[in-house]
Colleague: 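Dumping the structure here so I can ask a few things about it.
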Amino acid sequence: MINKLLVANRGEIARRVFATCRALGVATVAVHSDADADAPFVADADQAVRLPGNTPAETYLRIDAILDAARRSGADAVHPGYGFLAENAEFAAAVTDAGLTWVGPSAKAIAAMGDKMAAKALLADAGVPMLPTWTDPAEVTAFPVLVKAAAGGGGRGMRIVRDAAGLAEAVAGARREAAAAFGDGTVFIERYVERGRHVEVQIFGDTHGTVVALGVRDCSIQRRHQKIVEEAPGVLPDDVRAELHEAAVAAGRAVDYVGAGTVEFLLAPDGQVHFLEMNTRLQVEHPVTELTTGLDLVRLQLLVAEGEPLPVTTTPPADGHAIEVRLCAEDPAQGFRPATGTLHRFAIPGVTAEFGPARGLRLDSGVVDGSTVSVHYDSMLAKLVAWAPTRTEAARALAGALARAELHGVATNRDLLVRVLRSAEFTAVDLDTGFLDRHPEVFAPLLPAEQLPVAALAAALSGAAERRAAAPVLAGLPSGWRNVPSFPQVTRFTVGDGEEIEVHYRLDRTGALAEWGRKGPLLTDPVEEGSSVNTELPVVELVTATPGRVVLDVDGVRRAFRVHRVGSSVFVDGPDGAASLTELPRLPLPTAELAAGSLLAPLPGAVTRVHVEVGQRVAAGDLLLTLEAMKLEHPVLAPADGVVTELPVPAGGQVETGAVLAVVDPEEDPQ
């Protein structure tokens with residue numbers, strides 16, 4: 001019997017396992033890096049042990065340190081979570097050799113599936129259908145192909161190649177990314193199926209010889225080959241579903257599988273099923289299986305680790321439909337560039353459960369208000385999962401909760417997720433792994449550009465209300481009120497990539513909005529100098545304004561805006577979308593001016609390669625250098641035609657956010 005469980009992972013993964021342990025009465029131990037000392041998952045555990053390491057990410061890969069933490073805390077079992085060392089056969093063997101209970105498949109099974117090429121050969125012999133695969137780029141004769149990391153998953157190290165000319169560079173880039181993510185740069189190449197669906201089967205095995213399929217998930221909506229929307233049950237013909245179940249169980253039996261695992265497949269448009277890989281761990285998307293089967297998969301892991309037989313021996317029927325989204329700190333408009341910073345507010349309305357299999361709206365999150373999103377780990381903040389009797393209801397409920405969420409402080413993919421869930425193609429189950437490439441319209445923000453001025457007005461009126469509330473004298477007078485009206489009040493904001501929008505407004509003696517206007521890049525017709533009112537703007541009446549809430553009547557429709565101010569940052573959440581603004585000071589201090597054409601680091605990282613030289617002429621879109629951050633490579637491209645005049649950071653150099661990476665002078669003439 002397991003009495004005290006150490007979880008060798010962090011964030012929402014550790015919190016998920018701890019939640020089941022609390023329900024079962026199992027004591028818990030967290031391990032953490034210095035960067036995570038105050039993280040929510042550490043507070044959730046009964047005990048916590050600091051791990052040594054040179055970098056925050058390295059700490060969780062120290063097998064010796066984790067075993068020492070188990071010894072010092074008195075843990076009698078180890079759960080690897082579903083990241084870091086979860087698929088490390090050496091770790092599984094070390095835990096078992098130390099006399100501890102390992103919550104997972106055997107080291108032998110992990111090793112067999114961890115070598116993806118050997119796994120393909122083994123499962124092909126077991127009758128599992130395969131895609132054509134190559135290990136030598138010179139042997140590839142047909143395109144398109146997909147370059148993949150042999151030692152890991154999660155989309156890292158993947159590259160689509162459509163012709164022979166791009167294969168060598170794709171293989172080199174995949175090797176670098178795989179080495180950074182998994183410590184192993186081995187890659188292989190397999191045929192790429194256009195418009196294929198990514199489907200997978202949750203399997204479970206016990207020590208009594210049972211291997212059972214728990215249903216099919218569809219994980220086709222992906223960015224950078226990483227899943228962001230998953231659902232169960234996958235909408236499939238019955239014969240295809242049966243084929244997937246049969247192939248997945250055959251894969252599990254081929255390695256005497258024990259514990260939770262996932263067998264992933266690619267479903268071609270012609271209905272053919274092809275094996276992709278087997279993940280010897282619990283998957284990030286396991287909640288959709290829990291909500292449609294009523295099973296707690298972590299509970300099953302613990303029971304199996306204790307030697308108990310599985311309580312299910314056949315595939316349970318799916319009850320209702322569940323859809324999960326991965327809410328990530330990233331900017332979809334910038335190629336899904338990861339975002340870092342402080343999460344000032346993280347609030348999602350209507351959540352009925354956290355981490356458990358209870359139905360409704362479930363949140364599995366590793367962050368709370370005030371959490372720091374660092375460059376050291378994956379960009380995922382949380383998983384939000386909706387269960388409903390039908391797929392349409394689940395998608396609608398999930399989109400609605402996301403749209404109303406308050407996510408302040410870092411850029412997220414929330415708007416993209418909402419647009420995907422509400423799209424006609426998603427509703428019609430017109431899905432494949434290239435969904436985002438074919439639907440650029442889902443990248444548009446929820447708040448239309450023409451509605452941004454009203455959101456900025458709400459921010460300005462909220463600021464005025466906050467100042468009046470704090471005024472030591474005459475606090476009852478409207479902000480900026482004069483006996484004789486003269487000039488309106490002016491509040492300036494930056495939005496997006498630094499574009500300015502200026503809000504002009506004047507309140508009368510009753511506090512009503514007497515007039516308003518704005519200047520900025522979103523004007524359809526320029527406002528004349530000195531004018532405070534733009535006739536193209538909607539008619540707005542102020543209903544109420546407090547520091548945290550502004551209600552406006554806009555062209556006869558009342559709209560409420562929630563306003564959250566942190567220093568100069570102002571976050572406005574309205575019925576049509578959210579806006580993130582930065583209020584500019586009335587009298588800004590002088591600052592140093594950057595050279596024209598300066599390209600700045602979007603987040604901390606390391607320059608892995610420099611592709612150009614000072615003095616070299618480049619065209620817009622040319623690759624200048626490669627920045628590695630959050631274990632992914634981010635290309636830095638020339639913004640315009642010009643000449644490279646500065647490259648201040650050499651290959652291997654570390655940079656912080658805002659550091660100058662290169663300067664491209666568009667005026668430079670090589671003649």
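Counting begins at 1 with the first residue of the sequence.
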Colleague: Residues two or more places apart in sequence or in another chain: which of them pass salt bridge (Lys or Arg N to Asp or Glu O under 4.0 Å) with E12?
Modeller: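 Applying salt bridge (Lys or Arg N to Asp or Glu O under 4.0 Å) to E12 gives K383.
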
Colleague: Which is it for D296 and R16 under the salt bridge (Lys or Arg N to Asp or Glu O under 4.0 Å) test, yes or no, and what are the steps along the way?
Modeller: CA-CA 11 Å; D296 182 331; R16 166 68 192 94; 2.9 Å; yes

Colleague: Looking at E200, R217, E277, which hits side-chain hydrogen bond (donor to acceptor under 3.5 Å, both in side chains) with T262?
Modeller: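 By the side-chain hydrogen bond (donor to acceptor under 3.5 Å, both in side chains) criterion, T262 pairs with just one of E200, R217, E277: R217.
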
Colleague: Look at the side chain of R414 and the backbone N and O of A405, then say whether any donor-acceptor pair between them is shorter than 3.5 Å.
Modeller: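 Yes, the answer is positive, given that a donor and an acceptor are paired below the 3.5 Å cut-off.
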
Colleague: If you look only at pairs with a residue in residues 330-352, which of them pass as a ring-ring contact (aromatic ring centres under 6.0 Å, His included), with sequence neighbours excluded?
Modeller: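 Those involving residues 330-352 are F336-F443.
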
Colleague: Using a strict cut-off of less than 4.0 Å between a Lys/Arg side-chain nitrogen and an Asp/Glu carboxylate oxygen, indicate whether E583 and R565 qualify as a salt bridge.
Modeller: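 Yes.
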
Colleague: What is the minimum heavy-atom distance between A403 and R422, and which atoms define it?
Modeller: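 In terms of heavy atoms, the two residues are closest at CB-NH2, 3.9 Å.
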
Colleague: Indicate yes or no for a side-chain donor-acceptor contact from R345 to the backbone of G409 under 3.5 Å, with no hydrogens or angles considered.
Modeller: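 No, R345 side chain to G409 backbone: no donor-acceptor pair under 3.5 Å.
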
Colleague: In chain order, what residues pass the salt bridge (Lys or Arg N to Asp or Glu O under 4.0 Å) check against D44, with sequence neighbours excluded?
Modeller: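 Here the qualifying residues are R15.
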
Colleague: Hey, are D206 and Y257 close enough side-chain-wise for a donor-acceptor pair under 3.5 Å?
Modeller: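 Judged by distance alone, the side chains do not pair up.
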
Colleague: Taking A179's backbone N and O only, do any of them form a donor-acceptor pair with D184's side chain (distance below 3.5 Å, no angle check)?
Modeller: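 Side chain of D184 to backbone of A179, a donor-acceptor pair under 3.5 Å: no, none is there.
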
Colleague: I'd like to know if the side chain of T20 reaches the main chain of V17, judged simply by a donor and an acceptor atom lying under 3.5 Å from each other, with no hydrogens or angles considered.
Modeller: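 Side chain of T20 to backbone of V17, a donor-acceptor pair under 3.5 Å: no, none is there.
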
Colleague: Taking it one step at a time, do D573 and H408 satisfy side chain to side chain donor-acceptor pair (under 3.5 Å)?
Modeller: CA-CA 10 Å; D573 294 284; H408 301 166; 2.6 Å; yes

Colleague: Could D68 and R72 be called an ion pair, given the rule that one side-chain N must be under 4.0 Å from one carboxylate O?
Modeller: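 So D68 pairs with R72 through a salt bridge.
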
Colleague: Taking only Lys NZ, Arg NE, NH1 and NH2, and the carboxylate oxygens of Asp or Glu, determine whether E406 and R562 approach each other closer than 4.0 Å.
Modeller: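 So E406 pairs with R562 through a salt bridge.
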
Colleague: May I ask you to decide whether R326 forms a salt bridge with E285, counting only side-chain N to carboxylate O separations under 4.0 Å?
Modeller: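 Salt bridge present between R326 and E285.
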
Colleague: So, are E264 and K227 salt-bridged, with charged N and O less than 4.0 Å apart?
Modeller: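 Judged by the 4.0 Å cut-off on N to carboxylate O distance, E264 and K227 do form a salt bridge.
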
Colleague: State whether the side chain of R50 and the backbone N or O of A37 hold a donor-acceptor pair below 3.5 Å, judged by distance alone.
Modeller: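 Pair absent, no side-chain N/O of R50 close to backbone of A37.
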
Colleague: Are the aromatic ring centres of H286 and Y82 under 6.0 angstrom apart?
Modeller: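 That pair passes the under 6.0 Å test.
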
Colleague: Taking the six-membered ring of Y377, is the NZ or CZ of R10 close enough (under 6.0 Å from the centre) and on axis enough (within 45°)?
Modeller: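 Here R10 passes the 6.0 Å and 45° test against Y377.
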
